[in-house]
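Below, chains carry the letters A, B, ... as their sequence lines are ordered, and counting in each starts from 1. In this text, all values refer to a predicted model and were calculated from it rather than measured experimentally.
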2 protein chains.
Amino acid sequence: MNIEELEDLVRQMYASTMPGLSIDCIVFGFHDSAIKILSLRFNNADAWMLPNGLIFHKESIQQAAQRILLERTSLKDIFLKQFYTFGDLDRTNIEDMKTMMPFPSILEMVPKRAISIGYYALVEHSKVQPQLDFMTAECRWFGVDELPKMIFDHNKIVEIGLKSLRAQIDHLPIGYHLMPETFTMPELQKLHEAILGEPLDRANFQKRILSYDILERLEERRTGGAHKSPYVYRFIPEKYEAFLQREF
Amino acid sequence: MNIEELEDLVRQMYASTMPGLSIDCIVFGFHDSAIKILSLRFNNADAWMLPNGLIFHKESIQQAAQRILLERTSLKDIFLKQFYTFGDLDRTNIEDMKTMMPFPSILEMVPKRAISIGYYALVEHSKVQPQLDFMTAECRWFGVDELPKMIFDHNKIVEIGLKSLRAQIDHLPIGYHLMPETFTMPELQKLHEAILGEPLDRANFQKRILSYDILERLEERRTGGAHKSPYVYRFIPEKYEAFLQREF
DNA sequence: TATCATTGTGTCAAGGCGACACAATCAATG
DNA sequence: CATTGATTGTGTCGCCTTGACACAATGATA
């Protein structure tokens with residue numbers, strides 16, 4: 001592909017999307033008792049970033065976020081929550097743009113000022129196979145504390161998104177989207193501990209979660225460990241939905 | 001002003017702002033023991049709407065919201081909170097646009113699809129003198145239940161904004177921005193009741209608010225009523241700020 | 001069969017919150 | 001000027017939630 005073709009491609013992309021507006025997604029997964037975030041590296045540059053993209057004229061912002069995530073995770077109907085829109089003047093910086101766009105004629109076409117709508121996604125870690133495309137050199141899970149320096153304000157976006165997720169979990173049993181189909185109570189507890197960043201009391205955690213009346217205890221038990229075999233649970237989708245609809 | 005001049009004006013406006021992106025503001029005030037919202041009527045059309053505007057290329061979205069509100073309320077440094085970004089495809093509809101823009105050539109220039117960032121503002125009702133400009137025929141306070149049918153999805157925006165405000169007040173003593181400098185405890189209670197839409201117990205309300213340690217009880221008492229004269233309080237700004245910075 | 005880390009469950013005390021009671025007060029009333 | 005009545009300030013009681021902790025049950029391993 002020569003430079004003229006690339007210019008045409010970029011021109012086309014901008015013509016069919018909302019100019020100066022983008023979506024950034026934080027994809028949360030849970031693995032090895034820790035919260036992981038999907039981050040990707042642009043082309044062959046040293047530019048890590050959150051999964052992001054532009055919004056087509058003929059799609060809602062929610063649909064746009066779903067599409068962007070489908071491209072990265074090949075998962076449909078992902079749980080998505082909009083948490084904040086970032087619109088400071090200095091949130092994008094020209095150095096990061098230059099790193100990503102080594103061609104001055106292309107760089108010229110990129111809007112210098114961009115506003116971005118932040119979404120976070122909750123996905124089941126094991127079901128995701130990070131996908132590459134022609135603009136992506138790498139796509140990896142990172143622990144929250146191991147995140148690389150990312151472009152623009154993406155590290156700050158993660159910070160705000162994490163706060164938002166933590167605020168949610170105080171009221172909601174978020175695990176539904178992050179855990180596998182079946183799980184044990186200690187596993188669910190580790191998820192909550194990972195999100196909150198602090199240990200929880202086993203007994204009280206169990207009582208609280210069960211009081212929500214959204215879990216079903218299955219017949220089977222999880223054997224294999226050299227310990228008392230824990231019960232296996234699963235979320236009851238209808239009851240979970242009902243729980244979300246309550247007061248507040 | 002002839003139609004060509006108007007076309008130029010609109011062209012200029014769009015050239016200096018973020019296309020397809022706007023800001024809608026809910027201005028909350030408190031008066032007569034009820035929550036009021038500022039709504040304005042466009043030109044001489046029957047088109048009520050929330051205060052709104054476009055975002056200049058050289059201002060942050062927060063600044064844009066402040067500027068838009070300054071034009072309506074002539075208040076500076078208003079308390080503003082971003083609560084949601086609205087981006088459904090059908091949120092704007094062509095009939096409302098036609099009502100507002102009777103000139104086909106102008107209507108042609110208006111983006112058919114628009115995304116809007118929702119902010120709510122908390123202001124002291126008595127300090128606001130609703131301002132008109134050349135595009136605004138009327139600017140009035142409405143009770144939450146007396147709001148007129150507004151254009152686009154503005155009624156829905158109010159609904160979401162109100163929910164957001166109610167969620168806040170469960171944790172925060174929001175009155176700081178809505179009450180006058182000094183006030184009595186029953187007055188503050190009426191504010192909370194107006195926002196929550198349900199009566200609160202006097203004794204418990206007082207205990208809870210005072211426990212936050214953000215109010216100062218003044219020497220004076222509020223006389224005039226044929227009853228026991230209540231104490232007069234005021235917010236201690238530093239302590240209020242400190243309270244906001246706490247855990248969650 | 002004993003061991004031991006892990007899990008399920010019960011108990012108990014402290015704190016928070018709602019419901020309610022009672023005293024204090026101030027203008028209006030006669 | 002004493003009485004009245006609505007309103008306000010404050011204390012108390014009991015329930016429920018939550019946190020802290022204890023103890024029994026379990027199952028692979030040695």
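Between B:Y240 and B:Y176, the ring-plane angle classifies as tilted under the 30° and 60° cut-offs.
Ranked by how close their nearest DNA chain C nucleotide is to the 5' end, B:A226 and A:P230 are led by A:P230. Of the two residues contacting DNA chain D, namely A:D201 and A:G224, the nearest-nucleotide position lying further toward the 5' end is that of A:D201.
One interatomic measurement links the two molecules: CG of A:L210 to P of D:dT18, which rounds to 14 Å at whole-angstrom precision. Distance, B:Q189 CD to D:dT7 C1': 12 Å, rounded to whole Å. In this structure, A:K207 places its NZ atom 13 Å from C1' of D:dC16, rounding to the nearest Å. In this structure, A:E198 places its CD atom 12 Å from C1' of D:dG19, rounding to the nearest Å. Counting to the nearest Å, the P atom of D:dT17 and the CZ atom of A:F205 are 18 Å from each other. Counting to the nearest Å, the C1' atom of D:dA28 and the CZ atom of A:R221 are 14 Å from each other. Put simply, NE2 on B:H227 is 10 Å from C1' on D:dT8, counting in whole angstrom units. We find that OH of A:Y231 is positioned 14 Å from C1' of D:dG27, with the value rounded to whole Å.
As judged by a 4.0 angstrom heavy-atom cut-off over every strand, A:R222 is placed among residues making no nucleic acid contact. Heavy atoms of B:R208 sit nowhere under 4.0 angstrom from any nucleic acid atom.
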Using the rule given for side-chain contact (heavy atoms from CB on, under 4.5 Å), can you reason through A:I115 versus B:I55, listing the C-alpha separation, both sets of side-chain angles and the distance that settles it, and then say yes or no? CA-CA 10 Å; A:I115 289 170; B:I55 302 162; 4.1 Å; yes
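For DNA chain C, the outermost nucleotides in 5' to 3' order that have an atom under 4.0 Å from a heavy atom of chain B are C:dG18 to C:dA27.
Taking only side-chain atoms of B:K228, from C-beta outward, the nucleotide of D:dC21, D:dG27, D:dT7 with the closest atom is D:dT7.
Ring centroid separation for the pair B:F142 and B:W48 comes in under the 6.0 Å cut-off. The distance between the ring centers of A:F183 and A:F235 falls below 6.0 angstrom.
Between the side chains of B:D24 and B:S116, at least one donor N or O sits under 3.5 Å from an acceptor N or O.
Between A:R41 and A:D46 no salt bridge is recorded (no basic side-chain N to carboxylate O distance below 4.0 Å).
Taking CG of B:L122 as the reference point, atom CD1 of B:I195 lies at 7.5 Å (rounded to 0.5 Å).
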